[in-house]
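Below, chains carry the letters A, B, ... as their sequence lines are ordered, and counting in each starts from 1. Just so we're clear, the structure is a prediction, and the values are computed from it rather than from any experiment.
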Amino acid sequence: MPSILDELNEEQREAAATINGPVLIFAGAGSGKTRALTYRIAHMVKGERIPPESILAVTFTNKAANEMKERIRQLIGDKARRIWAGTFHSVCARMLRADGHHIGIPDNFVIFDTGDQSSIVKEALSVLDKDPKVYKPDEILNRISGAKNELITPQTYRRHRKGPWDETVHQVYVHYQRKLRENNALDFDDLLMETERLLREVPEVLKKYHDRFHYVMVDEYQDINHAQYKFVQALASKSRNICVVGDDDQSIYGWRGANVGIILAFEHDYPDAKVIKLEQNYRSTGKILECAYEVIKHNKGRAEKKLWTRKPPGDNPVQYEAVSAEEEAEWVATLIKQQVACTDFRYGDYAILYRTNAMSRVMEEALIANSLPYQVVGGVKFYERAVIKNVIAYLRVLYNPADSVSTRRIINTPTRGIGDKTIAELDRIAFARNVSMLEACKHIEESEDLQDRAKLAVERFDTMMANLRKTAETADLVTLTRAVAEDTGYLAHLEKSDAADDASKAENIKEFSSLAKRFQDTREDANLGAFLEHIALMSDIDQAEDIGNQVSLMTVHASKGLEFPVVFVVGMEEGIFPHERSMGDEFQLEEERRLAYVAITRAEKMLYFTHAYRRVIYGQPSQQRPSRFLKDLPDKLITRRLEISQLAKGSSLDREDTDVQETVVGGKSINVTEIMRRAQANQLLAAQRRVDTYEAKEAERAEQKAAAKQPDTSASKRTAPQSFSRRRKAEHIPTPEADLPSLKTGDRVEHAKFGKGMVVSVEGEGASLTYVVAFPNQGVKRLSAAFAKLEKA
DNA sequence: GGTTATGGATTTTTT
DNA sequence: ATCCATAACC
């Protein structure tokens with residue numbers, strides 16, 4: 001009888017067929033992990049007749065969860081809906097809503113985001129009279145989050161503090177946690193920590209889930225933190241049917257509490273675990289995989305594995321040294337443009353990856369200048385825009401009047417004459433009466449030192465909210481959302497304003513309304529609570545779907561899980577990648593290395609690394625050394641173009657090479673050394689042109705800037721752009737036979753046989769200098785510079 | 001209550 | 001260089 005498992009390779013099949021007992025699947029990049037996983041579930045349900053509702057599949061992202069659900073649905077149909085598949089946070093939220101009351105968590109709790117968290121910490125610091133410059137809110141928040149990930153409660157934190165700074169963290173933590181509960185709110189970390197506590201402290205709840213879930217699967221297990229680990233352990237402790245999937249080489253969230261050690265210790269936790277390695281890669285060509293391995297192999301303590309492929313070795317990845325960040329961007333943009341013009345690649349096949357978001361701007365500028373369509377992935381999140389957060393804050397207060405953090409946010413948005421002083425007074429009343437801020441509004445009368453005007457404003461706000469609440473009780477989501485935008489006067493305020501960005505804010509609100517509509521139309525449980533949870537646990541609207549035919553720009557982190565035919569990794573410099581903040585610490589360097597590994601393994605066919613000889617960082621010009629990760633790549637694997645630093649060093653232009661090699665080609669004796677020397681000279685010449693061009697552009701920029709600032713500041717004030725110290729004019733040296741054309745990408749050429757074409761890229765150096773030329777109707781040809789007769793056309 | 005000045009920092013961010 | 005938050009201003 002044919003089984004769906006026949007469609008898998010041997011290792012995938014083993015992974016999918018082993019359903020009982022603990023299983024650890026090391027799923028390398030591009031090894032068909034999702035396929036193995038979804039087929040595994042399909043096999044369980046269809047082949048083994050396991051009830052879908054007894055399967056729990058946990059992921060980290062909504063995207064992964066949705067993709068898994070959809071692909072399982074394609075395999076087994078609507079039965080897939082009965083599987084519990086979701087993110088850690090959504091699964092936990094669901095459990096807490098159902099059973100949290102056992103540990104004092106009401107079922108209508110709300111989820112606080114980072115902004116809300118920050119507000120509470122700041123408030124705590126002010127209450128405790130601590131200087132927020134010494135105790136930076138973000139740092140404290142990190143500590144609190146870290147503690148929660150380790151299941152350390154405010155009470156037990158006492159034992160973990162080491163010094164006065166920690167003492168403050170402890171105090172803030174206590175205050176913070178109390179505030180959350182007063183607001184009837186949980187933060188992201190609470191969802192995990194409290195669910196773990198629920199399972200640990202309430203046996204009947206644990207039993208309930210043990211009875212329900214006989215099979216537990218966890219994706220991206222290398223990214224799991226301690227709280228998540230304990231949660232999963234608890235759920236799987238009875239059946240021991242636990243299957244975890246991950247790749248320690250792709251663990252890049254250690255700084256967020258993820259602990260790679262957990263996946264590496266799985267076999268220790270379950271000595272009888274079956275370990276399966278998926279090492280066949282279906283994504284990249286051979287050389288790309290080799291590069292990836294050459295980088296990652298330096299990490300210590302990784303589970304040994306090596307990706308392989310049936311694909312051909314493919315082209316050498318290219319390392320390109322640019323003059324500056326601007327030229328780097330320009331090079332990338334032009335190369336993409338030319339390749340799209342001359343090959344079958346389309347814009348959507350390209351990704352530009354960088355280590356830090358700050359690098360996106362210069363790339364964007366170059367892409368705009370060359371009119372290439374592009375999309376920045378993971379920029380400002382829609383739900384995090386201030387306008388949207390304000391609208392959401394209204395909805396949250398309507399759902400949960402105890403939410404004083406949100407009340408504060410909206411009480412004077414749009415401005416309605418409730419200032420700091422009034423808010424402080426409301427705070428006082430709320431504290432004295434032990435009620436929420438919204439409740440305090442009802443007692444504003446008792447305040448003695450407030451003007452009547454302020455009191456009136458508060459009363460009006462209170463009445464408005466009461467009316468909205470009435471609406472909330474009966475109206476559907478869409479109506480309510482509209483009421484919030486309109487009845488509060490917020491939309492009108494934005495629309496009548498003539499500030500430039502307020503129009504787009506109003507647009508955002510309308511967009512939000514249509515999101516509410518979509519939610520209402522697609523969900524059965526389209527109530528306010530569900531909508532708020534959806535928003536809180538959804539980092540962004542699924543933007544990945546409509547990528548379109550555009551170049552994708554994103555951080556390396558954001559690229560995890562994605563793949564592109566052509567990948568550019570830009571800013572491959574010491575201090576940037578690896579980041580300087582990671583360079584002092586071996587552990588962090590290993591994570592940077594994994595990050596580099598992730599970047600490399602995104603590429604299917606072609607991979608480019610670029611770095612700039614010099615770059616302006618924080619406004620300061622500085623010289624950069626190429627990333628150490630590039631040094632890990634053996635020369636035979638990568639084509640390096642490092643002319644700029646060769647120029648700067650004074651280069652080998654005039655160095656006499658001692659051993660003269662001769663080769664006989666076509667009956668003629670050729671002095672190879674000479675040819676190499678000339679080819680190199682010509683490359684240096686081209687490089688010098690690049691430098692000159694960019695220095696001219698920089699000078700122009702500086703001039704414009706000076707002119708813009710002070711219309712009549714003369715040239716004397718202008719500082720010359722940093723130049724190469726031992727720079728020399730490279731000469732163009734003609735060869736005896738023919739002029740060796742020093743071509744660069746984009747040059748139009750003519751070939752005796754192929755006719756007219758365009759140089760797509762230049763590879764290799766010296767005698768192996770190769771031009772890749774695209775000829776219309778003839779395709780793309782690789783031609784040796786030394787031997788092909790190419791004329792500039 | 002909204003606007004400008006100043007100081008400070010500036011990696012990554014699945015939920 | 002530039003963005004952000006808070007502070008000092010009209």
Student: CD of A/Gln620 versus C1' of C/dA1: gap in Å, rounded?
Tutor: 9 Å

Student: Quick one: list whatever passes side-chain contact (heavy atoms from CB on, under 4.5 Å) with A/Asn142, sequence neighbours left out.
Tutor: none

Student: Rounding to an integer number of angstrom, what distance separates B/dT13 and C/dC4 when you compare their P atoms?
Tutor: 15 Å

Student: Quick one: salt bridge (Lys or Arg N to Asp or Glu O under 4.0 Å) partners of A/Glu425, sequence neighbours excluded?
Tutor: A/Arg428

Student: Please name all residues satisfying ring pair (Phe, Tyr, Trp, His ring centres under 6.0 Å) with A/His611, sequence neighbours left out, ordered by chain then number.
Tutor: none

Student: Heavy-atom contacts under 4.0 Å between residues 245-264 of chain A and DNA chain B, which residues?
Tutor: A/Tyr253, A/Trp255, A/Arg256

Student: I need the CG-P distance between A/Asp189 and B/dT14, as an integer number of Å.
Tutor: 14 Å

Student: For residues A/Lys148 and A/Gln177, is any side-chain donor paired with an opposing acceptor at under 3.5 Å?
Tutor: yes

Student: Want to settle it: does A/Phe60 or A/Asn357 sit nearer the 5' end of DNA chain B, counting the closest nucleotide to each?
Tutor: A/Asn357

Student: Starting at atom CG of A/Leu595, determine the distance to atom C1' of B/dT12, rounded to an integer number of angstrom.
Tutor: 7 Å

Student: So, OP1 or OP2 of B/dT11: does either fall under 4.0 Å of a side-chain N or O from A/Ser582?
Tutor: no

Student: Under 4.0 Å between a Lys/Arg side-chain N and an Asp/Glu carboxylate O for A/Glu495 and A/Lys505?
Tutor: no

Student: According to side-chain contact (heavy atoms from CB on, under 4.5 Å), who are the partners of A/Gln624, at least two apart in sequence or on a separate chain?
Tutor: A/Glu573, A/Arg615, A/Ile617, A/Ser622

Student: Please report the distance, rounded to the nearest Å, between CD1 in A/Ile224 and C1' in B/dT15.
Tutor: 14 Å

Student: Scan nucleotides 5-8 of chain C against the protein and return all N/O pairs shorter than 3.5 Å with their distances rounded to 0.1 Å.
Tutor:
none

Student: Between A/Tyr618 and B/dT11, is there a side-chain N or O to OP1/OP2 distance below 4.0 Å?
Tutor: yes

Student: Whole angstrom is fine here: how far is it from CG in A/Asn62 over to P in B/dT14?
Tutor: 11 Å

Student: Is there aromatic stacking of A/His579 against B/dT11, centre distance under 5.5 Å, plane angle under 30°?
Tutor: yes

Student: Kindly write out the residues that satisfy salt bridge (Lys or Arg N to Asp or Glu O under 4.0 Å) with A/Glu326, not counting sequence neighbours, or none if the list is empty.
Tutor: none

Student: Applying salt bridge (charged side-chain N to carboxylate O under 4.0 Å, His left out), which residue pairs with at least one partner in residues 114-127 of chain A are found, sequence neighbours left out?
Tutor: A/Asp116-A/Arg396, A/Glu123-A/Lys179

Student: What residues form a side chain to side chain donor-acceptor pair (under 3.5 Å) with A/Asn183, not counting sequence neighbours?
Tutor: none

Student: Return the value, rounded to whole Å, for the distance between atom CG of A/Leu589 and atom P of B/dT11.
Tutor: 16 Å

Student: Using side-chain heavy atoms (C-beta onward) and a distance below 4.5 Å, is A/Ile576 in contact with A/Met359?
Tutor: yes

Student: Restricting both atoms to N or O, compile the protein contacts to nucleotides 1-3 of chain B shorter than 3.5 Å, with distance only.
Tutor:
residue, atom, partner, partner atom, Å
B/dG1, OP1, A/Gly417, N, 3.4
B/dG2, OP1, A/Thr415, OG1, 2.9

Student: Test of understanding: with side-chain contact (heavy atoms from CB on, under 4.5 Å), list the residues that count as partners of A/Arg361, not counting sequence neighbours.
Tutor: A/Glu365

Student: Who pairs with A/Asp525 by side-chain contact (heavy atoms from CB on, under 4.5 Å), at least two apart in sequence or on another chain?
Tutor: A/Arg523, A/Asn527, A/Ala530

Student: Roughly how many Å is it from CE in A/Met583 to P in B/dT12, rounded to a whole number?
Tutor: 16 Å

Student: Rounded off to whole Å, could you give me the CZ-to-C1' distance for the A/Arg581 and B/dT12 pair?
Tutor: 11 Å

